[in-house]
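First up is the structure itself, then whatever we jot down about it.
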Amino acid sequence: SSGINAEYGDLKRDQFKPTEDSLWNRLKHLFRMRKQSLTRSFYEELLDVMANEKKLNIQGTKPFRVIIGPKGPYDGADPDNPTTEFSQSDWSALQTFLLQVHPVQKKGRFGFAQFLKEKGHPQLKAFPLGILTKMVQLAQSPDYRLITCHSGMLQSVGTPLNQYYGGPFNPNAQPFVPSTPSQNGS
């Protein structure tokens, strides 16, 4: 249960909404790093035990349950249901970085967000991982089309499949301003 509490704290720090799936993904990652396995059934048993011991409060119905820790609820980003709240400047910083670096990541949207947090444009590095993950999800949407998924690898649009991190970010490059997605669906 200490692992669940620690990962719950990390979700809060990174500003992820504490859903059943976001906690599951964090714990899977933690177990992989320790070269251990975690089954979904064991995870659900652990949640039930912690809920019965009043260490966690679980609200909602599967698979959309929200986990509430001992200090109460908090608001966080839900990459599965992203909303647009990024400025034109944020999108410009992302597109400029993508055009210069052409990153390819095989670790999904969270891995891509971690890459942006570590190597990205300074404006992007300031965002918590939950917000960057949400941005990566939106960047894959038809409204933006800045990132694509091909054969399980996320990459900037137009990136050759065999090209990985190509060098340092150039802050003096001319930014490309992406079009704003339509608000009325047309």
Side-chain angles (χ1 to χ4, degrees), residues 7-19 21-30 32-33 64 66 74-186:
E7 292 306 310
Y8 182 87
D10 286 349
L11 288 174
K12 186 173 183 176
R13 181 198 65 222
D14 291 339
Q15 292 186 17
F16 277 100
K17 184 176 181 178
T19 63
D21 280 345
S22 62
L23 186 57
W24 162 247
N25 288 329
R26 278 298 179 92
L27 285 170
K28 278 192 318 187
H29 178 73
L30 176 70
R32 255 182 273 149
M33 289 177 54
F64 307 106
V66 174
Y74 70 89
D75 194 25
D78 184 357
D80 292 322
N81 297 300
T83 56
T84 304
E85 58 194 47
F86 299 101
S87 70
Q88 194 71 24
S89 173
D90 297 334
W91 288 114
S92 182
L94 176 62
Q95 186 147 27
T96 300
F97 178 74
L98 294 175
L99 288 171
Q100 292 178 357
V101 177
H102 302 291
V104 176
Q105 288 291 313
K106 57 184 172 186
K107 297 178 182 171
R109 65 182 179 204
F110 182 71
F112 205 98
Q114 286 177 311
F115 177 80
L116 291 174
K117 183 79 172 163
E118 184 181 321
K119 307 273 187 189
H121 185 284
Q123 185 172 339
L124 301 176
K125 288 180 177 184
F127 287 125
L129 276 172
I131 303 301
L132 282 175
T133 304
K134 183 167 73 167
M135 184 180 225
V136 168
Q137 182 67 31
L138 282 169
Q140 295 177 73
S141 73
D143 286 335
Y144 291 94
R145 295 186 186 139
L146 298 174
I147 298 172
T148 186
C149 184
H150 183 73
S151 299
M153 297 179 78
L154 288 180
Q155 60 196 40
S156 58
V157 172
T159 301
L161 282 176
N162 62 354
Q163 184 173 351
Y164 287 84
Y165 181 65
F169 172 71
N170 178 359
N172 299 318
Q174 282 292 81
F176 177 84
V177 179
S179 62
T180 305
S182 63
Q183 298 298 321
N184 61 6
S186 60

How long is the straight-line distance from [atom2] of [Y] back to [atom1] of [X], given to the nearest 0.5 Å?
{"X": "T96", "Y": "W91", "atom1": "OG1", "atom2": "CH2", "result": "13.0 Å"}
{"X": "L129", "Y": "L116", "atom1": "CG", "atom2": "CG", "result": "9.5 Å"}
{"X": "H121", "Y": "Q95", "atom1": "NE2", "atom2": "CD", "result": "12.5 Å"}
{"X": "L138", "Y": "R109", "atom1": "CG", "atom2": "CZ", "result": "10.5 Å"}
{"X": "L99", "Y": "L94", "atom1": "CG", "atom2": "CG", "result": "9.0 Å"}
{"X": "D14", "Y": "L132", "atom1": "CG", "atom2": "CG", "result": "9.5 Å"}

Determine whether a donor-acceptor pair (N or O, by modelled atom type, separation under 3.5 Å) exists between the side chain of [X] and the backbone of [Y].
{"X": "K125", "Y": "K117", "answer": "no"}
{"X": "S92", "Y": "S89", "answer": "no"}
{"X": "S22", "Y": "K17", "answer": "yes"}

#### Entry: All side chain to side chain contact (heavy atoms under 4.5 Å, CB included) counterparts of D90, not counting sequence neighbours
F86, S87, Q123, F127, M135
#### Entry: Least distance between heavy atoms, T133 atom then A113 atom
OG1-CB, 3.3 Å
### Pairwise side-chain contact, V101 with F115, heavy-atom cut-off 4.5 Å (strictly under)
yes
### Task
Dump the intermediate steps for side chain to side chain contact (heavy atoms under 4.5 Å, CB included) on L154 and Q140, then the final yes or no.
CA-CA 9 Å; L154 288 180; Q140 295 177 73; 3.3 Å; yes
### Message
Going by salt bridge (charged side-chain N to carboxylate O under 4.0 Å, His left out), name the residues that satisfy it together with R145, two or more places apart in sequence or in a different chain.
### Response
none
### Test log, rule side chain to side chain contact (heavy atoms under 4.5 Å, CB included), inputs F97 and L146
CA-CA 11 Å; F97 178 74; L146 298 174; over 6 Å; no
